[in-house]
Asker: 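Quick one: this structure, given as structure tokens, is what I'll be asking you about.
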Amino acid sequence: MSGTPRYRFAPSPTGYFHVGGARTALYNWILALQNDGVFVLRIEDTDESRNEPQWTQGIIDALAWIGIDGTDTHFEGPYFQSAYAANQVAAAEKLFASGHAYYCDLTSEQIHDRAKIAGRPGYDGFSRDRGLTAGPGRSLRFRVPAGVTVVHDEVRGAVEFDNTTIEDFVLLRGNGKPVFVLANVVDDITMNITHVVRAEEHLPNTPKQQMIWAALGATPPSWAHVPLLVNEQRKKLSKRRDKVALEQYRDEGVVAEAMVNYLMTLGWAPTGDTEIVDFATIVKDFKLSSVNHSSAFFDIKKLNAFNGEYLRQMPVEAFSAACEPWLTSDKAPWPADRFDRGVFLRIAPHVQTRVAVLSEVPAMVDFLFLADVVIDAAAFDKAFSAEWARPLTQSIHDRFVDVEWNHDALKIAVEAIGAASDVKLGKLQAPLRVATTGRSVGPPLFESLEVLGRNETLRRIDAALARAG
RNA sequence: GCCCCCAUCGUCUAGAGGCCUAGGACACCACCCUUUCAAGGUGGCGGCACGGGUUCGAAUCCCGUUGGGGGUGCCA
């Protein structure tokens with residue numbers, strides 16, 4: 001046994017990268033970092049019907065996004081399980097040669113029929129002592145020994161399995177291809193994996209894997225099964241039902257730091273009264289033994305709250321830079337050449353406290369970059385429904401012609417007009433806001449107008465007055 | 001069906017027999033601040049699933065019940 005702990009993350013490339021996978025990867029990565037170990041990435045691409053090469057790059061990109069850097073010295077891989085097929089078959093043959101496995105010529109239908117007649121599900125060990133050798137259509141099954149298999153799990157403690165409840169499971173398919181349980185173990189042995197940290201759904205097949213390790217003469221790794229991430233119905237998060245794609249959250253403007261921090265509060269908690277902690281603290285404090293045993297609901301609301309917190313903590317320049325993908329691409333509702341970074345930077349401090357995810361930003365500043373502001377008709381009608389709305393907005397317009405153009409002066413001017421007619425600023429700003437920004441809510445009005453500029457402000461007020469008739 | 005895991009506010013969690021009148025966070029509600037909306041501040045609502053033990057003492061240990069979940073493929 002070498003002294004370097006070797007962890008691994010072994011996803012299959014069957015779709016977008018799952019947030020549950022992200023958390024499992026994070027656990028392994030953090031453990032590798034804090035123990036000066038190695039994080040091995042192994043792509044389990046043996047299910048030819050479901051694999052797509054594009055997903056492999058997606059996994060690598062997603063890992064990089066959450067800080068699991070493929071160029072870091074603690075990172076090793078990616079390895080591809082399919083490349084080790086011959087090695088896995090060789091291991092299976094070794095198991096056959098040593099009597100730990102035997103061939104069986106029964107078809108799935110025959111097994112099913114026998115089970116039905118016997119009244120107990122599963123394979124009944126029919127070919128255990130028939131002395132069959134390898135042949136077309138024959139599968140290789142593991143000869144599960146009598147006794148009890150105890151899995152020592154770093155999260156759950158000792159878990160006992162009575163071997164009579166474990167059927168003689170398949171190692172090699174009728175077509176000669178290895179199945180998951182074999183491939184997984186043989187690769188782990190080949191790659192000198194010492195610690196297997198994965199989701200709880202794998203706990204039931206762990207005794208099988210442990211038996212294979214032993215039968216192959218290897219020392220089983222340290223196991224740890226971490227709780228599942230579930231949806232609101234408390235069912236395992238699924239790609240079909242739930243919003244689980246890491247890429248999707250990234251595209252909506254969740255920042256990686258918030259995602260990582262949030263993911264780490266599921267099933268584990270940093271010490272102290274705050275859950276918002278930096279990655280270095282997490283790496284320092286994380287312990288498998290303090291991971292919870294029960295499943296955790298992936299709460300998008302709380303994720304967004306964390307994200308808002310992270311966004312607000314950023315220096316405004318960093319926030320502004322983080323916003324750019326949403327402001328300069330086709331995600332933005334205005335032509336790319338109308339975006340002005342300097343203008344955005346001026347309004348950014350006010351946007352920063354008002355968004356939870358970055359994708360909300362464009363709608364908050366579109367009035368600055370759109371040639372013609374898009375008026376929300378309902379908001380407009382409501383704002384201009386008051387008796388005073390039209391005349392006072394006209395007065396504001398007239399005053400704005402020569403008022404000093406900064407937010408304080410603008411505010412004082414509007415306030416004065418309101419005071420003369422006994423209309424509070426809170427109400428009076430409504431028609432002005434819709435006229436100039438198209439909406440009833442947004443960043444502080446006078447700051448917005450200061451950035452918008454006098455000419456455009458006057459032009460929009462004119463247009464609104466015309467519209468209000 | 002069988003095997004395995006789990007059980008603290010709605011949710012994520014703190015809690016390793018007395019520090020618990022059970023702490024924090026998200027959500028929710030109220031108030032304050034306020035140029036809308038936020039942000040921020042203050043306060044509030046709200047939980048140890050149930051039943052038995054063990055113990056001077058149990059959210060914490062044991063057993064059972066109930067409930068939830070995972071697995072049970074020649075998928076990974």
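Quick note on labels: first sequence line is chain A, next is B, and so on, each numbered from 1. Hydrogens, waters and symmetry mates play no part in the numbers below; they use all other heavy atoms, side chains included. Computed from a predicted model, the values in this text were never measured in an experiment.
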Asker: Provide the distance between the two P atoms, one in B:C29 and one in B:U66, to the nearest whole Å.
Answerer: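 Those two atoms are separated by 39 Å.
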
Asker: B:C61 and B:G24: how far apart are their C1' atoms, nearest whole angstrom?
Answerer: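 So the two C1' atoms sit 26 Å from each other.
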
Asker: Scan nucleotides 64-74 of chain B nucleotide by nucleotide, 5' to 3', and note B when protein non-hydrogen atoms come under 4.0 Å of the base, S if they reach only the sugar-phosphate, - if neither.
Answerer: -----SBS--B

Asker: Suppose we define a pair by two distances each less than 3.5 Å, Watson-Crick or G-U wobble; what does B:G67 pair with here?
Answerer: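 B:C6 - that is the nucleotide pairing with B:G67, both distances being under 3.5 Å.
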
Asker: Return the polar atom pairs (N/O with N/O) between nucleotides 30-34 of chain B and the protein under 3.5 Å, or none.
Answerer:
none

Asker: In whole angstrom, give me the gap between the C1' atoms of B:C2 and B:A16.
Answerer: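 Rounded to whole Å, the distance is 34 Å.
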
Asker: Give every donor-acceptor pair under 3.5 Å between a side-chain atom in residues 373-384 of chain A and any protein atom, sequence neighbours left out.
Answerer:
residue	atom	partner	partner atom	Å
A:Asp376	OD1	A:Ala378	N	3.0
A:Asp376	OD1	A:Ala379	N	3.1

Asker: Could you measure between the two C1' atoms, the one in B:G46 and the one in B:U8, and give it in whole Å?
Answerer: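 About 12 Å, rounded to a whole number of Å.
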
Asker: For A:Trp213 and A:Trp223, take the angle between the two ring planes, folded into 0 to 90°, and tell me which bin it lands in: parallel under 30, tilted 30 to 60, perpendicular over 60.
Answerer: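 A:Trp213 and A:Trp223: perpendicular rings.
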
Asker: Check side chain to side chain donor-acceptor pair (under 3.5 Å) between A:Asn184 and all other residues, then give those that pass, not counting sequence neighbours.
Answerer: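 Side chain to side chain donor-acceptor pair (under 3.5 Å) list for A:Asn184, sorted by chain: A:Arg8, A:Glu44.
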
Asker: Taking the P atom of each, how far is B:A27 from B:A38, in whole Å?
Answerer: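 Their P atoms lie roughly 12 Å apart.
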
Asker: Starting at the 5' end of RNA chain B, which residue's closest nucleotide do you reach first, A:Gly426 or A:Asn292?
Answerer: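 Closer to the 5' end of RNA chain B: A:Asn292.
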
Asker: Output one line per pair: protein atom, nucleotide atom from nucleotides 25-27 of chain B, and distance, for all N/O pairs under 3.5 Å.
Answerer:
residue	atom	partner	partner atom	Å
B:A25	O2'	A:Glu275	OE1	2.9
B:A25	N3	A:Lys302	NZ	3.0

Asker: When all nucleic acid strands are considered with a 4.0 Å heavy-atom cut-off, which category describes A:Pro11: base, sugar-phosphate, or nothing?
Answerer: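 No contact.
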
Asker: Counting only pairs under 3.5 Å, give me each side-chain donor-acceptor contact of residues 441-449 of chain A, with atom names and distances, residues two or more places apart or in other chains.
Answerer:
residue	atom	partner	partner atom	Å
A:Ser448	OG	A:Pro444	O	2.8

